[in-house]
Amino acid sequence: MDDVSHILDDLNEAQREAVTAPVSDLLVLAGAGSGKTRVLVHRIAWLLAVEGASPWSILAVTFTNKAAREMRGRIEQLIGQPPGGMWVGTFHGLAHRLLRAHWREAGLPQGFQILDADDQFRLVKRLLKQLEIDDARWPPRQVMGFINARKEEGLRPQHLDDGGDFYQRTLLRLYTEYEQACKRGGVIDFAELLLRAQELWRNHPDLLAHYRERFAHVLVDEFQDTNAIQFAWLRLLTQGRGNFFVVGDDDQSIYGWRGARVEHIREFQQLYPDARLIRLEQNYRSSGNILNAANALIEKNASRLGKRLWTADGDGEPIRLYAAFNEIDEARFVIERVQQFIDEGHRRDEAAILYRSNAQSRLFEEALRQAGIPYRVYGGQRFFERAEIKDVIGYLRLIVNRDDDVGFERAVNQPPRGIGPRTLDALRAHARDFGCSLWRAARELIDGGRMASRARNALLGFLELIDACDEDGDARLDERVESVIEASGLVAYFKKSRDGRGEDRIENLSELVEAARGFAATYEAESDEPDVLTAFLGLAALEAGDTQGAEHEDCVQLMTLHSAKGLEFPLVFIAGVEEDLFPHRMSAEDPERLEEERRLCYVGITRAMRQLYLSYAETRRLHGQETTPTPSRFLRDIPPELIEEVRAVAPVSRPWSGAGGAGLAEVGFQLGQRVSHPRFGEGVVLNAEGQGRSARVQVNFETSGSKWLVVAFANLAPC
DNA sequence: GATTTAGACATTTTT
DNA sequence: TGTCTAAATC
């Protein structure tokens, strides 16, 4: 046996047990920060080194491209060479690969293209219009959600009952029409990738047998995030095979609303009864107080498999809680602490500000900008999703496949070339009547000679443009992309635009050419890839690129709690810990969704390594409305002894504007001043309003919390 | 075809 | 309150 000490040296007992377990079905329940991915990576190295597994026989699945990249990188680092032959990727990426290799058996055209969420949305919208269905009763988003949810359950229209009522029947009809439209255009959406891949194996036992034979080892990360179709796909590959290694954490399941089912973990235990269960409970990330808070919080959830994290570390600093006057004060406080942290000599990217919803980022951005602290917001628009990029992609798709209506609609009048709504309506009507693509409809209408000559010429010009672009098929990918951009007239169009973003757009277009150059350089023709252009388009759809550049820069990190999963930071702020915001109002009714919110809070807390700040505002402007939220119930789930309340020290010059707002002097107290009350004891003045006899102050009492008191009656004394 | 204006609406997001 | 989309108007 080779020396395997490098694989095992830095592992604890439980990790080692998981890594070295004999090949069989195995479930690793791994808590936050317990070295989950590590175990997976080391397991693969172990299989290669000790079990004599060939890289060829290993399939490792993750959810995001980022996770897949990281896994590949770490495997390479550990075994000292790129993992050639191994299948490491996302569910969608692997399904795509499978379908490219077996397009015929999957019933797809060879050059099939992938619809991203935006393409899908447009298609649904177009369909609603075409079928003259009221988009107020059937909002495109909901229709899309319906279709995706059904596909994620593995259900085709023919499996579904029309429910008898008109609403359901219409949805079903839309689903059917949508499928036909996709088929005509030779396109498939994200959910379809998975469903097709599963059907491919189910309907072709020979193919399935081949892959079952090949993949002697199947490993899955973040198993709690699998949806029904993903699990079904994995089951085909692994059931009765004794080769299924899954890692997951039921407490970190936060994507239920996207079809992920935690129950799959339990189901796993039933379907793979011989599976060994290993728990990883030692946490290497957070200090004791943070961990205890997380444990206490998550214990309030009823449906859990049970797990308690511990650390060999000390208690560390207490968790700090700040009750802000309002959302502006909250941002001020957070940024002040961030600044302090930076002044202590820490890197900016060691600090993260987390929030429940994206809208909350604005105030923090403003405060950071004011303070001159560089920051990065995650979750913005991504490169391949930019309008101008998608325009070019539209042309490219049309070049690959003339019947791709989604590409056609995108490119046909962008830049404007005189093909207006009337011409397009005629095209759509013809396409619908004859069940053909827009491209063919255009051809037929032109040839039929029943068109106004101006529209006819414009349309003909477009068709010829696409055909011409198709001729230099032998050129390098980036040259092709470049000439398409050139021929399309987009650059000239953006140059003319005076909205201030034209230059940006043009720059993005040349970046696209660069991306194509880079892709072509690394692309090695694989037998299952038809051509470079198709492969490039697949990449554009499946890996939409990063949200923002400047990744290398040292920036304070701003993101939602969801996108923080899998990350860690020495200093973490969780802002807006208020009822209706977190847990979100829309989840408050349903106990299951509430548990998911709590898990989300658990995820947030466990991101913190050394310092954790929680904050809420006592008044908050929400949708232009002044609200007075109550502190989140999650705060009550954390034992008070772990929390240190940060005293409100108000800036002296805090503007106290607004009609009817009393100057504090007028009330007789100052913001931040300590006062005592005969019954409530001592506290700090937080806020004031009204004047004269109706003047009220808000006082945060040490023992009984914050209260509004009418000054005239309260008998407050400075102390 | 561009620009303005009114109205709706406001979790979380990857692929 | 701020953003986004669609209709209305130039």
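Residue numbering restarts at 1 for every chain, and letters A, B, ... go by the order of the sequence lines.
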Proximity to the side chain of [X] - top-ranked nucleotide from [options]:
X: A:N413; options: B:dG1, B:dT12, B:dT15; answer: B:dG1
X: A:Y493; options: C:dA6, B:dA2, B:dT15; answer: B:dA2
X: A:H562; options: C:dA6, B:dA2, B:dT12; answer: B:dT12
X: A:R258; options: B:dT12, B:dA2, B:dT13; answer: B:dT13
X: A:R382; options: B:dT14, C:dT5, B:dA2; answer: B:dT14
X: A:H623; options: B:dT15, C:dT1, B:dG1; answer: C:dT1

Think [X] has a side-chain N or O under 4.0 angstrom from the OP1 or OP2 of [N]?
X: A:K66; N: B:dT13; result: no
X: A:N148; N: B:dT15; result: no
X: A:T560; N: B:dT13; result: yes
X: A:S563; N: B:dT13; result: yes
X: A:N65; N: B:dT14; result: no
X: A:N358; N: B:dA10; result: no

Taking the six-membered ring for Trp and the single ring otherwise, decide whether the centroids of [X] and [Y] are under 6.0 Å apart.
X: A:H562; Y: A:Y255; answer: yes
X: A:W103; Y: A:F112; answer: no
X: A:F634; Y: A:Y602; answer: no
X: A:W233; Y: A:F231; answer: no

If pairing requires Watson-Crick or G-U wobble contacts with both distances under 3.5 Å, which nucleotide is the partner of B:dC9?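 Answer to the pairing question: C:dG2, which forms a Watson-Crick or G-U pair with B:dC9.
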Inter-nucleotide P distance (C:dC4, B:dT13), Å rounded: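 It works out to 15 Å between them.
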Rounding to an integer number of angstrom, what distance separates C:dT3 and B:dT14 when you compare their C1' atoms?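 23 Å, rounded to whole Å.
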Distance check needed: [N] [atom2] versus [X] [atom1], whole Å only.
X: A:K125; N: C:dA6; atom1: NZ; atom2: P; result: 4 Å
X: A:E366; N: C:dT1; atom1: CD; atom2: C1'; result: 11 Å
X: A:R621; N: B:dA10; atom1: CZ; atom2: C1'; result: 15 Å
X: A:D225; N: B:dT15; atom1: CG; atom2: P; result: 12 Å

Which is true for [X] with a 4.0 Å heavy-atom rule: it touches a base, it touches only sugar-phosphate, or it touches nothing?
X: A:E597; answer: base
X: A:K496; answer: nothing
X: A:R585; answer: nothing
X: A:A95; answer: nothing
X: A:G418; answer: sugar-phosphate

Check: A:Y378/A:R376 side-chain N/O donor and acceptor closer than 3.5 Å: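 There is such a pair (donor and acceptor under 3.5 Å, judged by atom type) between the side chains of A:Y378 and A:R376.
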Hey, is the main chain of A:P629 close enough, under 3.5 Å, to the side chain of A:D580 for a donor-acceptor pair?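 Flag not set: sc A:D580 to bb A:P629 has no pair under 3.5 Å.
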Is a donor-acceptor pair below 3.5 Å formed from side chain A:R356 to base B:dT12, judging by atom type as modelled?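 A donor-acceptor contact between them is present.
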Just wondering, do A:W257 and B:dT12 stack (centres under 5.5 Å, planes under 30°)?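 Yes, A:W257 stacks on the base of B:dT12.
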